[in-house]
Structure formats: structure tokens, C-alpha cells
Amino acid sequence: MEEKETIHVNLLTELTGNLISEESEWEEDWSESDEYGMPLDGTELADYEDAIREELERYGEDDLMQYFSGSASIQEKVKSAVVTIENQEGTLYGCTKLELNEFLNPEELKELGDYITGQYSDGWGEGFEQQDIQVEEGILNVHFWHPGMERAKMQEETKTQNETQTEKSHLNKPRPKLRLLGHDGNIFSIMSDASILLKNNDQTAEAKEMCKRVLESGDYYKALLIISEYVETELSLPPKENKRTKKKHQPER
């Protein structure tokens, strides 16, 4: 019996902080009316990554699903939602690591995102931002939520625990066919069927790569075009002729 896939997805959100210092040179950098200290963004917080991780370990990287009481379908699909931080190219983000049994549909993803945002603002995050983190320059408080915070950015990490490490280019293999006309228009359903076709075609690495790109696309039509690069659909471009191997016919002499 084939082992069921485990899907790992990161939900990244903007991280901010405030640094309180008694040194006069720091006090000049923020408004006198700001009682919380010097504001820091994710790039500046990256300098304090180790200290923030240590505080997270002390405070507890909680599984937010233990407090979730929403849709039963989400509870069945989401195994865990653990809060941590993630450094992406020198910028520190708040990160909820989701472990899923299967993909969430758009409505479920919105409900879960709203729930996590609520935990960041009034639940788990409200408690964590009150923790004073001692750093060399003073006291640091870190906020997983702030007014005007952008929507979480979804990023797939891995799909299966036993997935092959062999990387193959999807462009060098014939593409299986997937008919979009008459198909369920849900992008997760289309992506899932395309992934199954690729895996049945011995293209597991390509299936993972496709899903990662689709999840990061943030646009329905762009996602369809990405899928159409890996499987042949009505939107797929015709294959390009290999000009390097094609030889011009020479007349006989």
C-alpha cells in the first residue's frame, strides 16, 4: 500500500519589533510619543535571529491547531500548525509551519489564515510580544502581528517524506495530457490531478516543482499556465523544434 503524502507548507508573515534602550543615541531615532521604543522591521530583526529563536524555545513553539475549533474539514486536513521564524534572504519572517494530509481549498485556506492572524494578534502572539528579549543594545519585543500586515505568503517546503532526491528537468520528458475543459475549476483540484499524472509518468520531482511554483504564483491564470508547462493542456505552448539536431535536407548529387 502506497504511503499517503505528507505536505509541508510555510505561511510567512511580516515580523516587526521594538528595541528599548537607555542610550541617548538610540532615543533620538524614534518619536518621543512612541512608548514602545525604536521600531524594527524584518531586515533589522535578522540581526537578532538567535536571541529570538532562544526566546521562542523558552516560550514554546506551540501547535496552533490545538486551539482551533473551526471547520471539521480543516481539522481533518491539517495535522499541525507550529509557530516559528524563518530567515529569507536576510529578512526575518513570522512562520507557521503547516503539516497537511491534503491540500486546503481556497475557502479553507482563508479560514485558516484568518484564524492564524487572530492567534498572532489576540492569542499566542499577544502573549509572545510581551516577552522581553535581552539583547546587547537593550530590550527587544517582537510582534507577529501589526496593523496593516499583509496577507500570509504561502511557500511549499516538501511534499513527501520518502520523495526521491533525483532532480530531472520536466522539459526533457514527454508531457502527460490533462483536459481543462469540463474539469473542476478549483485550482487545487487541477494541480492535484496534474501531480498524479506526473507521478504516474515517473516524474515525481517535476510534480513537486510544479506544485511549489503554483503555490507561490498567487494568481489563478498564472497557476494554470505553470501547470500547462508540466502537463499538456489546452493552454500549453507547442513544443519547440530542436534546431541544433534538425538537419536541412541536402539534394542528391
Side-chain angles (χ1 to χ4, degrees), residues 6-23 25-27 29-30 34-68 74 78-100 104 109 112-161 163 165 208 212 215-216:
T6 299
I7 306 162
H8 297 268
V9 173
N10 288 347
L11 288 179
L12 302 181
T13 52
E14 298 173 349
L15 201 64
T16 62
N18 294 91
L19 181 64
I20 302 173
S21 172
E22 296 178 356
E23 298 180 20
E25 61 181 286
W26 286 96
E27 291 179 350
D29 290 335
W30 65 78
D34 188 345
E35 60 180 328
Y36 298 108
M38 179 181 179
L40 303 177
D41 60 19
T43 301
E44 295 162 323
L45 285 173
D47 294 335
Y48 305 102
E49 180 178 353
D50 291 342
I52 297 171
R53 287 193 184 279
E54 289 178 6
E55 185 61 34
L56 275 171
E57 291 177 2
R58 284 193 292 268
Y59 186 74
E61 295 180 336
D62 283 353
D63 176 8
L64 298 183
M65 290 308 294
Q66 64 182 310
Y67 313 116
F68 183 76
I74 296 178
V78 183
K79 297 171 66 175
S80 63
V82 177
V83 182
T84 182
I85 54 175
E86 189 78 12
N87 191 319
Q88 293 277 319
E89 299 180 351
T91 300
L92 208 60
Y93 291 90
C95 176
T96 301
K97 290 182 174 290
L98 302 180
E99 188 173 359
L100 311 176
L104 301 173
L109 184 59
L112 182 63
D114 290 343
Y115 164 71
I116 290 173
T117 300
Q119 279 290 332
Y120 280 177
S121 62
D122 301 320
W124 181 92
E126 184 180 22
F128 184 76
E129 70 180 359
Q130 296 175 22
Q131 306 304 304
D132 291 337
I133 305 174
Q134 185 69 52
V135 295
E136 185 176 350
E137 294 84 356
I139 299 296
L140 179 66
N141 298 115
V142 177
H143 317 296
F144 278 72
W145 178 89
H146 58 86
M149 185 175 72
E150 293 184 2
R151 187 177 178 181
K153 181 172 65 175
M154 187 164 55
Q155 184 178 74
E156 186 183 22
E157 275 189 333
T158 58
K159 180 165 283 192
T160 64
Q161 295 177 344
E163 192 166 39
Q165 299 299 312
K208 175 186 174 182
K212 181 178 186 297
L215 290 169
E216 292 176 348

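On a predicted model such as this, the values are computed, not experimentally measured, just so you know.
- Pairs passing the salt bridge (Lys or Arg N to Asp or Glu O under 4.0 Å) check and including a residue from residues 117-130, sequence neighbours excluded, do not occur.
- Between Tyr48 and Ile133 the shortest side-chain heavy-atom distance does not fall below 4.5 Å.
- For the residue pair Gly17 and Leu45, the shortest heavy atom distance occurs at N-CD1, 3.8 Å.
- When side chains are defined from C-beta on, Thr84 counts as touching Arg53, because their heavy atoms get closer than 4.5 Å.
- Listed by chain and number, the residues in a side-chain contact (heavy atoms from CB on, under 4.5 Å) with Asn87 are Ala46, Glu49, Leu92 (sequence neighbours excluded).
- Interatomic distance, CG of Asp47 versus CD of Glu136, reported as 11.5 Å (0.5 Å rounding).
- Between atom CE of residue Met38 and atom CG of residue Leu140 there is a gap of 11.5 Å, rounded to the nearest 0.5 Å.
- The NZ atom of Lys79 sits 7.0 Å away from the NE2 atom of His8 when rounded to the nearest 0.5 Å.
- Side-chain contact between Glu55 and Phe128 is present, with heavy atoms from C-beta onward closer than 4.5 Å.
- Side chain of Glu44 to backbone of Asp41: a donor-acceptor contact under 3.5 angstrom is found.
- Side chains of Leu40 and Asn18 form no contact here, defined as non-hydrogen atoms less than 4.5 Å apart.
- The CD atom of Glu14 lies 10.5 Å from the OG1 atom of Thr91; values are rounded to the nearest 0.5 Å.
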* Asked: So Leu98 and Asn10, side-chain contact (heavy atoms from CB on, under 4.5 Å) or not? Walk me through it.
  -> CA-CA 6 Å; Leu98 302 180; Asn10 288 347; over 6 Å; no
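- Side chain of Gln131 to main chain of Gly127: a donor-acceptor pair is present (N/O by atom type, distance under 3.5 Å, no hydrogens or angles).
- Residues Ala81 and Asp63 approach most closely at N-OD1, 2.8 Å, considering heavy atoms.
- Here Trp124 and Phe144 bring their ring centres to under 6.0 angstrom of each other.
- Contacts of Thr16 classified as side-chain contact (heavy atoms from CB on, under 4.5 Å), with partners at least two apart in sequence or in another chain: His143, His146.
- Of the candidates Leu112, Val83, Val82, Leu64 forms a side-chain contact (heavy atoms from CB on, under 4.5 Å) with just one, namely Val83.
- Note that the CD1 atom of Ile116 and the OG1 atom of Thr13 stand 8.5 Å from one another [nearest 0.5 Å].
- Nearest heavy atom pair, residue Glu86 against residue Leu12, reads CB-CD2, 4.0 Å.
- Considering CD1 of Ile139 and CD of Gln134, their distance stands at 3.5 Å, rounded to 0.5 Å.
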